[in-house]
Amino acid sequence: MEDATAAATTPTANAVQDRDHKFLSKAVEEAYKGVECGDGGPFGAVVVQNDDVVVSCHNMVLRNTDPTAHAEVTAIREQSFDSLYADAAISYACQKLNQIDLADCEIYASCEPCPMCFGAIHLSRIKRLVYGAKAEAAIAIGFDDFIADALRGTGFYQKAQLEIKKADGTGAVIAEQVFEKTKEKFSMY
């Protein structure tokens with residue numbers, strides 16, 4: 001006899017899998033679109049709220065001459081390219097929803113997010129991330145190997161050398177004081 005629990009969860013699991021496939025496919029379409037029009041690398045992202053696409057976009061690094069214009073960051077802060085190309089209207093995910101907290105949204109990314117993109121996803125409080133390809137797929141065609149290193153806590157793929165130093169003396173003191181002197185002006189979340 002079939003387990004009642006397994007039978008009860010199968011339709012729900014299948015529905016979630018179908019839904020994930022639908023939105024992830026849209027993110028992959030965006031990745032292709034970005035490459036085809038020369039905007040940037042093969043990365044796409046879709047922000048979804050209540051089963052509706054809020055924004056669908058792709059990597060814009062080359063078009064914007066901006067190394068931070070990754071698909072996920074662009075989805076959170078930038079344009080809805082469907083709207084941009086259709087009627088030149090600019091629609092921002094956060095601005096469109098008039099909020100910086102996207103806790104009721106999900107994001108679908110064609111590839112495992114880099115640390116910057118993951119940070120943007122985390123800071124916007126998106127409740128769920130679904131990604132397709134692993135970072136190694138991007139590394140294999142020459143994209144920055146810092147992605148996998150940062151996510152996995154290794155230095156295996158790292159090419160770039162970056163010196164990081166915390167300031168000392170007066171510089172450090174005045175930089176730390178800004179938080180104490182402005183804390184009353186901010187109520188975060």
Does the pair Lys22/Asp51 count as a salt bridge with the N-to-O cut at 4.0 Å?
->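 Looking at Lys22 and Asp51, the cut-off is not met.
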Salt bridge or not for Glu36 and Lys33, using N-O below 4.0 Å?
->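 Between Lys33 and Glu36 there is no salt bridge, as every charged N stays at least 4.0 Å from the carboxylate O atoms.
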Please report the closest heavy-atom contact between [X] and [Y], naming both atoms and the distance.
X      : Y      : answer
Pro113 : Ile121 : CG-CD1, 4.1 Å
Glu180 : Lys183 : OE2-NZ, 2.7 Å
Glu30  : Ser56  : OE2-OG, 3.0 Å
Ala120 : Val73  : CB-CG2, 3.9 Å
Leu24  : Val130 : CD1-O, 4.4 Å
Phe43  : Ser110 : CA-OG, 3.4 Å

Could you give the distance from [atom1] ([X]) to [atom2] ([Y]), rounded to the nearest 0.5 Å?
X      : Y      : atom1 : atom2 : answer
His21  : Gln17  : NE2   : CD    : 9.0 Å
His58  : Tyr32  : NE2   : OH    : 15.0 Å
Cys111 : His70  : SG    : NE2   : 10.5 Å
Asp104 : Ile126 : CG    : CD1   : 10.0 Å
Glu112 : Phe118 : CD    : CZ    : 10.0 Å
Glu72  : Asn59  : CD    : CG    : 8.5 Å

Apart from Val16 itself, what residues make up its hydrophobic cluster when side-chain heavy atoms of I, L, V, M, F, W and Y under 4.5 Å apart count as a link, directly or indirectly?
->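 Under the 4.5 Å side-chain rule, Val16 groups with nothing.
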Any donor-acceptor pair under 3.5 Å linking the side chain of Thr74 with the backbone of Ala69?
->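 Side chain of Thr74 to backbone of Ala69: a pair is present.
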Would you check if the side chain of Asn50 reaches a backbone N or O of Asp52 as a donor-acceptor pair within less than 3.5 Å?
->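 Here the side-chain-to-backbone pair does not exist.
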Are [X] and [Y] side-chain neighbours, meaning at least one heavy-atom pair lies under 4.5 Å?
X      : Y      : result
Arg125 : Leu102 : no
Tyr108 : Arg128 : yes
Pro42  : Ile141 : yes

Look at the side-chain heavy atoms of Ile, Leu, Val, Met, Phe, Trp and Tyr, link any pair under 4.5 Å apart, and say whether Phe23 and Val28 land in one connected group.
->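 No; tracing contacts between hydrophobic side chains, which count when under 4.5 Å, never links both residues.
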Any chain of hydrophobic side-chain contacts (each under 4.5 Å) joining Leu129 to Val55?
->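 Linked within one cluster.
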